[in-house]
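Below is one structure, written out as structure tokens; comments come after it.
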Amino acid sequence: MNNFGVILASHGKFATESLNVAKMIAGNFDNFIALELKENDSKQEFKKEFIEKFDSLQEKYDFVICLCDIYGGTPFNIVIESVIEGKDFIAYAGFNMPMILELCMLDQINKDDAEKIIEEVYKRSLVNMKDLVYEKEKEIDL
């Protein structure tokens, strides 16, 4: 059983579909919630939904992680407001599939280690494929 919950917050269906893809790859996991900012949603509606989802996860888990799609967007701004208002959780902007998959494979972890893993996976997940091909060719030539 996981000791942490995760909110994926995004514009449109990005969070929901990212979660669907992660489940297709890794199987079912219950500690994630996708939160969509729909085109006609007001900031207040989205914030209300965020707080409800956060509170439900906080009741169930030791801590909560919130991953937003982009820095500076409405989901990001709602998360920042919640931190300023005293909500205690880990928050990052710029989630990607490797990050989601890494987190969904974890069961028990502390907050500090969760932050380290998120940051490491983020750095590791951006790969210049041209450089990768060059390195492989270089290995073959040796």
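Between Ser42 and Glu45, the closest heavy-atom pair is N-OE1, 2.7 Å. Closest non-hydrogen pair, Phe46 versus Ala9, comes out as CZ-CB, 4.2 Å. The heavy-atom pair separating Phe50 from Ile7 by the smallest distance is CE1-CD1, 3.8 Å. The two residues Val79 and Cys66 have their closest heavy-atom pair at CG2-SG, 3.4 Å.
Side-chain atoms of Asn3 do not come within 3.5 Å of backbone N or O of Asn110 as any donor-acceptor pair. Formation of a donor-acceptor pair under 3.5 Å by the Glu115 side chain with backbone atoms of Asp112 is not found in this model.
Atoms NZ and SG, from Lys23 and Cys104 in turn, are 10.0 Å apart once rounded to the nearest 0.5 Å. To the nearest 0.5 angstrom, Met24 atom CE is 12.0 Å from Leu19 atom CG. The distance from atom CD1 of Ile78 to atom CD1 of Ile51, rounded to the nearest 0.5 Å, is 8.5 Å. A distance of 7.5 Å separates CG in Leu35 from OG in Ser10, rounded to the nearest 0.5 Å.
Residues that satisfy the side chain to side chain donor-acceptor pair (under 3.5 Å) test with Lys111, not counting sequence neighbours, are Asp88. For Lys116, the side-chain contact (heavy atoms from CB on, under 4.5 Å) partners at least two apart in sequence or on another chain are Asp113. Applying the side-chain contact (heavy atoms from CB on, under 4.5 Å) test to Lys48 and every residue at least two apart in sequence or in another chain returns Glu52. Residues satisfying the side-chain contact (heavy atoms from CB on, under 4.5 Å) criterion with Asn40, sequence neighbours excluded, are absent altogether. By the side-chain contact (heavy atoms from CB on, under 4.5 Å) test, Lys123 pairs with no residue at all, sequence neighbours left out.
Among residues at least two apart or in separate chains, side chain to side chain donor-acceptor pair (under 3.5 Å) pairs with a member in residues 67-87 are His11-Asp69, Lys43-Glu81, Lys47-Glu81, Lys47-Glu85, Asp55-Lys87. Sorted pairs that involve residues 106-126 and meet ring-ring contact (aromatic ring centres under 6.0 Å, His included), not counting sequence neighbours, are lacking altogether. Residue pairs meeting the salt bridge (charged side-chain N to carboxylate O under 4.0 Å, His left out) criterion with at least one member in residues 89-98, sequence neighbours excluded, do not occur.
If you chain together ILVMFWY residues whose side-chain heavy atoms come under 4.5 Å of each other, Ile70 ends up in a group of its own. As a member of the Ile/Leu/Val/Met/Phe/Trp/Tyr network built from side-chain separations under 4.5 Å, Leu132 groups with Val127.
When hydrophobic clusters are built by joining Ile, Leu, Val, Met, Phe, Trp and Tyr residues whose side-chain heavy atoms come closer than 4.5 Å, directly or via intermediates, Tyr61 is not grouped with Leu106.
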Output a table of donor-acceptor pairs, distance under 3.5 Å, between side-chain atoms of residues 25-32 and any protein atom two or more places apart or on a different chain; print 'none' if there are none.
residue	atom	partner	partner atom	Å
Asn31	ND2	Phe4	O	3.0

Cut-off 3.5 Å, no hydrogens considered: what does the side-chain donor-acceptor table look like for residues 89-103, sequence neighbours left out?
residue	atom	partner	partner atom	Å
Tyr92	OH	Glu119	OE2	2.4
Asn96	OD1	Met99	N	2.9
Asn96	ND2	Ser125	OG	2.8

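Contact annotation: the side chain of Ile33 approaches that of Leu57 to within less than 4.5 Å [non-hydrogen atoms, C-beta and beyond].
Surrounding NZ of Lys38 are more than 12 heavy atoms belonging to other residues, nucleotides or ligands, all under 6.0 Å away.
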